[in-house]
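Residue numbering restarts at 1 for every chain, and letters A, B, ... go by the order of the sequence lines. A quick note: this is a predicted structure, and the numbers were derived from the prediction, not measured.
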Number of protein chains: 2
Amino acid sequence: MLAYILAGGTGTRFWPMSREDRPKQLVRLWGDETMIETTAHRLAPAAQDKGVFVVCGPDLVDPIAKTFGDWPDEQFVIEPMARDTAPAIALAAIQTLEHAGDVPFGVFPADHYIGDDEAFRRCLAAAESAAQDGHIVTIGIEPSRPETGYGYIHFDDAHAEGDDTSTHDVEAFVEKPDRKRAKRYLSSGDYLWNAGMFVMTPSTLLDEMERQLPAMYESFLRIRDSWGTDAQTDVLEEEFSEMEGISIDYGIMENARDVVCVPAEFTWSDVGHWAALDEVRETDEDDNVVEADAILENVENSVIFSEHSDRLIAGIDLDDMVVVDTDNAVLVLPKGSAQKVREIVHRLRDAGRDDVL
Amino acid sequence: MLAYILAGGTGTRFWPMSREDRPKQLVRLWGDETMIETTAHRLAPAAQDKGVFVVCGPDLVDPIAKTFGDWPDEQFVIEPMARDTAPAIALAAIQTLEHAGDVPFGVFPADHYIGDDEAFRRCLAAAESAAQDGHIVTIGIEPSRPETGYGYIHFDDAHAEGDDTSTHDVEAFVEKPDRKRAKRYLSSGDYLWNAGMFVMTPSTLLDEMERQLPAMYESFLRIRDSWGTDAQTDVLEEEFSEMEGISIDYGIMENARDVVCVPAEFTWSDVGHWAALDEVRETDEDDNVVEADAILENVENSVIFSEHSDRLIAGIDLDDMVVVDTDNAVLVLPKGSAQKVREIVHRLRDAGRDDVL
């Protein structure tokens, strides 16, 4: 199979570590690797040789190539402009057809945490096999809380017909629920979180697109005709500029005819904001995540993060707080307000503060 | 009169702005001046020409001279080592005798806030006049809260005999009281805060020292004999190294025979810690003290302070918090914990962290 890392995200919720030229997938939130490096290393053993691609906008090609050391141009699939996930995944389908024929390909967010690479690749093998049989396959995450920030996958407890023991029929993709419904989903055991990981063949995807998004399908036929020719860049630009943005969930999955899911056997987090770091990083004896030269006095359940080891963070009597220190900006907030970091970024944009964006 | 700025303090409670080579009196907590500059400018009109001196240890001479631009060596009185306030003030007495004879001199902390320079100098004039009559004069502050962190002056409501209408007899110096007594002092109206500002003649001070601290008195006779000679430095060093440290309050004032006070007609603060900044600085509409390039979202009653204008502090949903950003250290704590900054500094000392001390 081929694997595509969807790396178009801007990740404003990890500001000030994430910046316009260094979105979340290019941040080192733990260890020595950026999130996109970790994602690529996890996918490489499951994909063909040179079969891992990055889908992103033109501005991120250089920073991403740099984070990998020597990532060649051929491994990038460039979206001329952001049009949400359906067009990004259709580009991956075209690239797969041209590069390897009608073989399964998977798409994966660049900036999620996965706790067990081996288990992940076992799920991927099951997904690849089901994709070869013509299914669209999604890898779903067993919910651990009544989260209202994710979409859900309603699946059939019985195994999918004709498949091995890892896959289940998907009855519905469900958009972000309210709290009450999220609780019901959690207790029913029939729902998984939609983590945006899909495996399918190009023909399966393009057939669904022809049926559900015919205008977009026509665009991608023209894009496919230009693929690898001198006209490719111009055609892409032209088609994307006219295209309406739509997500794969809303544009394809909700009404697709044949979707199956593979429940994940690994821990997962989308690491959606600073307060989520304790889901994916070791904590100290006071339940703090500390990635800094720090001196802490009675600090609990907090995130203390510094970009530079030569700056000291001192905290006294803090509980459930986030302190982030970077080259030119410091952020302080309670964990419960972690989603509001976006608002700060929007205000900084409105104020033209390019120096800290 | 002559005026002496007692500048030996280390001011650990304003870390990380205050450092070993930049104690609180050398920090710019508001405006363009360091605290010691403001103190000197306030005293200059009340003192003789070249009659303002700084009393400090040898390590602080250069940094203090630098903050003043061109403060000459003759205006420093150097304590070879810290021995608390009684020896520091006795040095001021010797210097006064040698420089101007037995004329009144005043001693003043380098790092306090005074809200009205004119009113301060009116109090000083009354104090000088009473000092000429042989009193030890202290300028006391009308208490505004039942503070347990200061000493108190119990004074006689009637005016001191033979003096003008500004002075009162002091009945007792009282050490830091517990909360209950502090409340009683506050409501009685018969107590003032002891702010460490004293005016007297050298002979008055030395007479009291001879009576109460005879060994120290003998030392200062030897120091006086050497004053202005080649032996001065060696004698000072020798006498101070043998001398026991003691405060002027405990060593002299509590048992002095003739102390009067001048109640202050100005607002005052010792600006003892970060949380006290709102007593002396203008606050914004959300009661924040902001000395930083800051972006604040629902931040109230907080202190947001940055050493450098090219670093941004972002705060979200903070109440009663302190955030201080410097070259190589960031401090975050609730206002109510401001006294604990000392503990962090002590821990850093124990850890040998000279890089941030």
Side-chain angles (χ1 to χ4, degrees), chain A residues 13 15-17 273-275 292-299 302-351 353-357, chain B residues 13 15-17 273-275 292-299 302-351 353-357:
Chain A
R13 286 177 295 182
W15 184 89
M17 275 302 290
H273 47 71
W274 282 112
D293 179 11
I295 181 164
L296 305 177
E297 182 80 32
N298 189 32
V299 172
S302 295
V303 173
I304 309 292
F305 199 100
S306 184
E307 181 178 9
H308 295 292
S309 57
D310 58 352
R311 288 177 54 79
L312 177 71
I313 300 182
I316 302 175
D317 292 345
L318 305 178
D319 190 8
D320 265 319
M321 296 290 293
V322 176
V323 180
V324 182
D325 174 71
T326 67
D327 247 358
N328 61 356
V330 176
L331 171 71
V332 181
L333 74 166
K335 265 188 177 175
S337 305
Q339 303 273 13
K340 286 194 181 179
V341 174
R342 275 179 198 224
E343 292 167 31
I344 288 283
V345 174
H346 292 156
R347 279 179 56 191
L348 290 169
R349 271 189 202 139
D350 291 345
R353 288 297 301 268
D354 294 333
D355 56 322
V356 288
L357 285 171
Chain B
R13 285 176 296 184
W15 185 89
M17 275 303 288
H273 47 71
W274 283 111
D293 178 12
I295 181 164
L296 305 177
E297 181 80 32
N298 189 33
V299 172
S302 295
V303 173
I304 309 292
F305 199 100
S306 184
E307 182 177 8
H308 296 291
S309 58
D310 59 352
R311 289 177 52 80
L312 177 72
I313 300 181
I316 302 175
D317 293 345
L318 304 178
D319 190 8
D320 265 321
M321 295 291 291
V322 176
V323 180
V324 182
D325 174 71
T326 67
D327 247 357
N328 61 356
V330 176
L331 171 71
V332 181
L333 73 167
K335 265 189 179 176
S337 304
Q339 302 273 13
K340 287 194 182 178
V341 173
R342 275 178 198 226
E343 294 168 30
I344 287 283
V345 174
H346 292 157
R347 280 180 57 190
L348 290 169
R349 271 189 203 140
D350 291 345
R353 288 297 301 267
D354 294 333
D355 58 319
V356 288
L357 285 170

Please classify the contact of [X] with chain A as side chain, backbone, both or neither, using a heavy-atom distance under 4.5 Å.
X        : value
B:Val356 : side chain
B:Leu296 : backbone
B:Val341 : both
B:Asp293 : side chain
B:Asp317 : both
B:Thr326 : backbone

remark   = Tightest non-hydrogen contact, residues B:Pro334 and A:Ile316, listed as CD-O, 3.1 Å
request  = For the residue pair B:Leu348 and A:Leu312, establish whether any side-chain heavy-atom pair is separated by less than 4.5 Å.
outcome  = yes
message = Taking every non-hydrogen pair under 4.5 Å, which of B:His308, B:Lys340, B:Glu343 racks up the most with chain A?
response =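 Ranked by contacts with chain A, first place is B:Lys340.
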request  = May I ask you to name which of B:Ala351, B:Pro16, B:Ser306, B:Ser337 has the most heavy-atom pairs under 4.5 Å with chain A?
outcome  = B:Ser337
request  = Identify the residue among B:Asn328, B:Asp327, B:Asp325 that makes a side chain to side chain donor-acceptor pair (under 3.5 Å) with A:Arg311.
outcome  =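 Among the candidates, only B:Asp325 passes.
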note = From the list A:Val322, A:Ile304, A:Val323, side chain to side chain contact (heavy atoms under 4.5 Å, CB included) with B:Val332 holds only for A:Val323
note = Rounded to the nearest 0.5 angstrom, the CG-CE distance for A:Leu333 and B:Met321 is 10.0 Å
inquiry  = Quick check on the interface: out of A:Ile295, A:Leu331, A:Leu318, A:Asp355, who has the most heavy-atom pairs with chain B under 4.5 Å?
reply    =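 Option with the top pair count is A:Ile295.
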ask   = Is A:Glu297 paired with B:Arg347 through a side-chain N to carboxylate O contact shorter than 4.0 Å?
value = yes
